[in-house]
Visitor: 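The structure's right below; bear with me while I get my questions together.
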2 protein chains.
Amino acid sequence: MSMDFAPPKYAQVMRAIQERIESGEYAPGDMLPSETQLVRELGVGRTTVVRALQTLAMQGWIEREHGRGSFVKGRPESGADRVRPSLTATEQGESAESLVEVARVSAPRYVAKLLGVAERTPVIMRRRVAREGGLPSAVETVWVPLEIAVGSDLDKPEPLRSGIRRHLQAVKHLRFDHITERVTARKPTKEEVELLGSSNPVLGVLATVHDPAGTVLLAMSLALPGTLHELEDVYKVS
Amino acid sequence: MSMDFAPPKYAQVMRAIQERIESGEYAPGDMLPSETQLVRELGVGRTTVVRALQTLAMQGWIEREHGRGSFVKGRPESGADRVRPSLTATEQGESAESLVEVARVSAPRYVAKLLGVAERTPVIMRRRVAREGGLPSAVETVWVPLEIAVGSDLDKPEPLRSGIRRHLQAVKHLRFDHITERVTARKPTKEEVELLGSSNPVLGVLATVHDPAGTVLLAMSLALPGTLHELEDVYKVS
DNA sequence: AACGGCCACTCGTCCGCACAAGTGGCCGAG
DNA sequence: CTCGGCCACTTGTGCGGACGAGTGGCCGTT
């Protein structure tokens with residue numbers, strides 16, 4: 001019998017309550033069983049129950065009111081459904097039709113700034129056109145320092161079927177940790193107009209991808225036609 | 001002696017440690033005193049110290065390693081520095097120069113949709129121009145259902161010095177809970193061109209403000225010239 | 001010098017208990 | 001009927017103790 005590692009009890013209590021909320025057994029607005037009831041029902045100490053409940057409250061599943069009880073709020077939204085255009089850009093696989101250009105170029109000023117290298121340093125540029133329903137829906141240009149690209153297939157003109165992120169992870173063990181994005185509205189460049197087939201204003205996204213140490217792994221510039229794209233975000237107001 | 005309310009001890013412990021981190025006494029990478037040392041030093045129970053440390057860890061101030069100790073990471077960035085144009089729009093005070101128009105109009109289609117009312121329902125519209133360094137930097141239009149506006153000064157053409165959020169909170173006890181925002185790129189409308197003095201592409205922000213129950217309190221439409229505005233965001237990549 | 005076990009120290013989890021403080025209903029006095 | 005106090009119930013906070021498990025250094029054996 002290979003006694004699998006049991007998760008800590010407070011986590012088990014959290015899971016139990018989360019499941020009851022998701023199954024609808026505890027509906028939003030309902031009062032949860034009191035701490036003492038849960039203690040009896042689940043056969044754990046109050047410390048454990050309290051820790052579970054307080055963690056759930058911090059995560060937004062429930063709300064606790066001193067002297068009244070704990071009340072169900074529902075699965076937290078976590079605002080995590082924000083659209084992350086630059087993340088998907090690094091995760092999408094490339095195809096022969098979508099890949100427009102792969103070249104070794106000297107970094108333009110704004111790219112050098114993003115990558116933290118000197119202007120005109122040689123870098124790898126990959127440009128592709130994303131399509132939706134057959135129509136071009138975005139131009140995505142990725143800029144990679146040579147140190148990062150060396151030993152990978154990023155500098156080769158063949159499409160990366162598995163996407164940039166997965167490729168760098170597999171071949172060079174590079175881990176993406178966080179992304180910083182700056183969004184603005186601008187007119188599309190000449191190339192973008194050609195590739196998109198429209199000169200409507202675009203959302204211009206400049207992004208940098210960082211590893212856990214904060215080092216910039218690569219930079220990105222996206223052009224998303226405003227007529228096709230909306231970036232949605234939900235956030236709490238203190 | 002009016003014994004002021006003392007914050008709970010675990011919060012005091014957190015504060016103490018945060019202050020030592022910010023003062024540099026505990027530098028990033030340093031190992032914190034062990035739990036037992038803190039217990040002796042601060043004269044509290046281990047439960048209390050542990051709770052403080054675990055909360056600090058959850059908030060990103062420190063890192064805890066089983067069997068080794070707790071280590072300083074530094075003040076957490078929290079990615080909360082994302083720009084929230086629609087939030088600031090409701091918090092900024094109005095002035096006579098900035099307020100362009102207050103009117104009772106029938107809701108245009110997209111506004112009715114955001115507010116969840118029938119098209120052509122009468123609503124209150126307030127429009128103002130934000131300025132930065134004397135130059136117009138944004139056009140902010142707020143749409144308020146009559147039920148919300150009634151009893152407040154939102155329908156009066158005088159500027160709300162304290163801002164919309166504070167006014168609604170004070171006069172009608174309405175609490176803002178969360179905001180959903182949709183950002184796109186578009187050409188400015190005729191009115192916006194006049195007010196902004198430029199026809200460059202703008203970031204178009206459509207937002208709705210919700211109370212804790214999810215009810216829409218008001219809708220907003222912002223026009224942010226792309227040449228002046230960037231929305232920055234930093235997010236973790238799982 | 002290299003190995004391996006012991007041990008002190010760390011954090012992780014859990015328990016039972018205690019008291020404070022907020023809420024709301026019951027119930028008797030008026 | 002109304003009011004106010006009492007009391008049962010809730011969560012908030014805090015303590016001390018206990019055991020488990022991961023880490024790393026000391027030290028004796030080989």
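Letters go in sequence order (proteins before strands), and every chain restarts at 1.
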Visitor: Would you say a side-chain N or O of Thr48(B) is under 4.0 Å from OP1 or OP2 of dT13(D)?
Guide: no
Visitor: Quick check against the 3.5 Å criterion: does Lys172(A) have a side-chain atom that pairs as donor or acceptor with the backbone of Val150(A)?
Guide: yes
Visitor: By a strict heavy-atom criterion of less than 4.0 Å, which residues belonging to residues 49-63 of chain B are in contact with DNA chain C?
Guide: Gln54(B)
Visitor: Could you tell me how far apart His66(B) (NE2) and dC11(C) (C1') are, to the nearest whole angstrom?
Guide: 5 Å
Visitor: Distance-only, no hydrogens or angles: does the Thr184(A) side chain make a donor-acceptor pair with backbone N or O of His229(B) under 3.5 Å?
Guide: yes
Visitor: For a quick test of reading the model: is some side-chain N or O of Lys9(A) closer than 4.0 Å to OP1 or OP2 of dG12(C)?
Guide: no
Visitor: Report the residues that fulfil salt bridge (charged side-chain N to carboxylate O under 4.0 Å, His left out) with Arg20(A), sequence neighbours left out, ordered by chain and then residue number.
Guide: Glu41(A)
Visitor: Counting only side-chain N and O atoms of Ser70(A), is one of them less than 4.0 Å from OP1 or OP2 of dT10(D)?
Guide: no
Visitor: Could you list the protein-to-nucleotides 16-19 of chain C atom pairs, N/O on both sides, closer than 3.5 Å?
Guide:
| unit_1 | atom_1 | unit_2 | atom_2 | d |
| --- | --- | --- | --- | --- |
| dG16(C) | O6 | Thr47(A) | OG1 | 3.4 |
| dA18(C) | N6 | Arg46(A) | NH2 | 3.2 |

Visitor: Salt-bridge test for Glu35(B) and Arg64(B): reply yes if a basic N is under 4.0 Å from a carboxylate O, no otherwise.
Guide: yes
Visitor: We want to know whether His210(B) and Thr208(B) form a side-chain donor-acceptor pair, criterion being a heavy-atom distance below 3.5 angstrom.
Guide: yes
Visitor: With distance as the sole criterion, is a donor-acceptor pair present between the side chains of Arg131(B) and Ser137(B) under 3.5 Å?
Guide: no
Visitor: Is there a donor-acceptor pair closer than 3.5 Å between any side-chain N or O of Thr121(A) and the backbone N or O of Val117(A)?
Guide: no
Visitor: dC9(D) phosphate, OP1 or OP2: any side-chain N/O from Ser34(A) under 4.0 angstrom?
Guide: no
Visitor: Can you check the Gln12(B) CD to dT13(D) P distance for me, whole Å?
Guide: 12 Å
Visitor: For Ser162(A), does its backbone N or O pair with a side-chain atom of His167(A) as donor and acceptor, under 3.5 Å?
Guide: no
Visitor: Under the side-chain hydrogen bond (donor to acceptor under 3.5 Å, both in side chains) rule, what pairs show up with a residue in residues 102-116 of chain B, not counting sequence neighbours?
Guide: none
Visitor: OP1 or OP2 of dT10(D) sitting under 4.0 Å from any side-chain N/O of Thr36(A)?
Guide: yes
Visitor: Take atom CD of Glu35(A) and atom C1' of dG14(D), then tell me their distance rounded to the nearest Å.
Guide: 14 Å
Visitor: To the nearest Å, give me how far apart CG (Leu38(A)) and C1' (dC15(C)) are.
Guide: 17 Å
Visitor: Tell me the interatomic distance from Gln37(B), atom CD, to dA8(C), atom P, rounded to whole angstroms.
Guide: 17 Å
Visitor: Any donor-acceptor pair under 3.5 Å linking the side chain of Arg166(B) with the backbone of Gln92(B)?
Guide: no
Visitor: If I take atom CD in residue Glu65(B) and atom P in nucleotide dG22(D), what distance separates them, rounded to the nearest angstrom?
Guide: 14 Å
Visitor: Show the distances under 3.5 angstrom between N or O atoms of the protein and N or O atoms of nucleotides 24-26 of chain D.
Guide:
| unit_1 | atom_1 | unit_2 | atom_2 | d |
| --- | --- | --- | --- | --- |
| dG24(D) | OP1 | Arg68(B) | NH1 | 3.3 |

Visitor: Rounded to whole Å, how long is the line connecting atom OH of Tyr10(A) with atom C1' of dC11(C)?
Guide: 12 Å
Visitor: Suppose we screen for side chain to side chain donor-acceptor pair (under 3.5 Å). Which residues come up paired with Ser34(A), at least two apart in sequence or across chains?
Guide: Thr36(A)
Visitor: Determine whether a donor-acceptor pair (N or O, by modelled atom type, separation under 3.5 Å) exists between the side chain of Glu94(A) and the backbone of Leu160(A).
Guide: yes
